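When a ligand or atom number is given, it counts from 1 through the structure's own listing order. These numbers were taken from a predicted model, which means no experiment stands behind them.
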Amino acid sequence: MKYLYLLGATGSIGVQTLDIVRANSDDFKIIAIAANKNIVKVREIIEEFSPEFVSVGYERDAIELQKSFPNISFGYGEKGLIAAATYGSIKNDLVINAVVGSAGLAPTIQAIQKGRNIALANKETLVIGGELITKLIKKHNVSLIPIDSEHSAIMQCINGEETSSIKRIIITASGGSFRDLTRNELKNVTVKDALKHPNWSMGSKITIDSATMMNKGLEVIEAHYLFGVDYDKIETVLHKESVIHSLVEFHDTSIIAHLGNPDMRVPINYALHYPKRTSYSGKSLDFIQLGSLHFEELSVTRFPLLKMAIEAGKSKGLNPTTLNAANEASVGLFLNGKISFIQIEEIIQECLNAFDNDLDVTLDKIMKRDIEVKNYVLLKYS
Ligand code: NAD
Ligand code: MG
């Protein structure tokens, strides 16, 4: 039995994680969950999975829930989220971080310090805290297993080979909702159109990140920290079918790819059961029906945020935090109809110019910069 601490339980990844837990109830037990505002869903999860500890975004919701469930412990806000990640002292445990945004960093750090293994969907954790997390993982000897489909694919392609034998990693990109539009056509796109991803059904923030290609930039940084591979060995390619989830070329020119239908429950199932590979009832790929697969160059002129993100990653220090905070704030403003789609990239560039880099990163500095940049964007553009 593996004991699970699920952060972001009500979201797209959270709900699909619960599907895997439901289908494997002899293998897993949910001990703690954390969510933000979707209290109806929180109640459903409590009724079905009976966690011991539950954290929500706001105190008033925690108080109401406590009245309905007197035998469960409740927390709220940032402290509650950390409490959910560090609750109790059971062995054979796994924290699944499916929170969206920079809020995921602090609970991940505290869970690692407690010696807990992490299954990570929250890529922002590695983007802003990669330097801290990689050191902590070694120090506390815990596993960090990616849930992001490309990184789960890469991990399975590498499958124990030495990092020194990797020639390059190739991360595939679906291209997002606007992949067939020119830059000129992007000027008048709507939120509704941006939220229509061609291949994946995901939370709103990552769906917009896919359309701007920021998501692929964040994934390059994520791959750099997860696999310890230099940026000049990490490439991206447009692959509209989302059937090849990523590829790894070794020095003997052999390329190993990971294929499957686009279904996040596959990497979630892998991460939850890791190091075992178990069965999953998903649909198998039909190659005859598929017929062919396509690849195109991902143009950095068409998708300037891809380059901006990789440059921020390479420059290290607080620049990735500035990039990520500017992105979170401007995507939020776009979703609320306050700015245009094109303004997202303009605001991120503006923030990278306005905020100096600092190579000496600490958790406090990252969280301070995160708030400063978000406040700067919100004050100026909302
Ligand atoms: P989502 O918006 O659907 O869900 C986010 C979850 O986090 C919700 O349960 C929400 O209540 C919770 N949450 C948000 N802020 C919180 C806070 N401050 N405290 C506690 N809980 C909070 O997002 P998602 O699409 O599930 O994505 C989650 C993460 O996984 C993101 O980092 C995303 O980039 C990554 N990811 C998602 C997918 C996908 O298919 N959805 C694929 C790869 C990676
Ligand atoms: Mg991905």
Protein N, O or S within less than 2.8 Å of the Mg ion (ligand 2), waters excluded: D148 OD1, E150 OE1, E219 OE2

Have a look at T236 and tell me which of V220, V300, T172 forms a side-chain contact (heavy atoms from CB on, under 4.5 Å) with it. V220

Check: F28 ring centroid to H273 ring centroid under 6.0 Å: yes

In a table with atom names and distances, give each donor-acceptor pair under 3.5 Å that connects a side chain of residues 290-298 to protein atoms at least two apart or in another chain.
residue	atom	partner	partner atom	Å
H294	ND1	E241	OE2	2.6

Considering only heavy atoms, which protein residues lie less than 4.0 Å from any atom of ligand 1? G8, A9, T10, G11, S12, I13, A35, N36, L81, A98, V99, V100, A103, A121, N122, K123, E124, D148, M202, G203, I206, M264

Should the ring pair F227 and H151 be called parallel, tilted or perpendicular, given that the plane angle runs from 0 to 90° and is split at 30 and 60? parallel

Ring centres under 6.0 Å, that's the criterion: do F341 and F178 meet it? yes

Looking at F355 versus Y376, is the centre-to-centre ring distance below 6.0 Å? yes

Who pairs with H258 by side-chain contact (heavy atoms from CB on, under 4.5 Å), at least two apart in sequence or on another chain? A153, Q156, C157, H245

Is R277 close enough and on-axis enough to Y270, meaning under 6.0 Å and within 45°, for cation-pi? no

Please name the residue in the list L18, T17, I96 that meets the side-chain contact (heavy atoms from CB on, under 4.5 Å) test with I30. L18

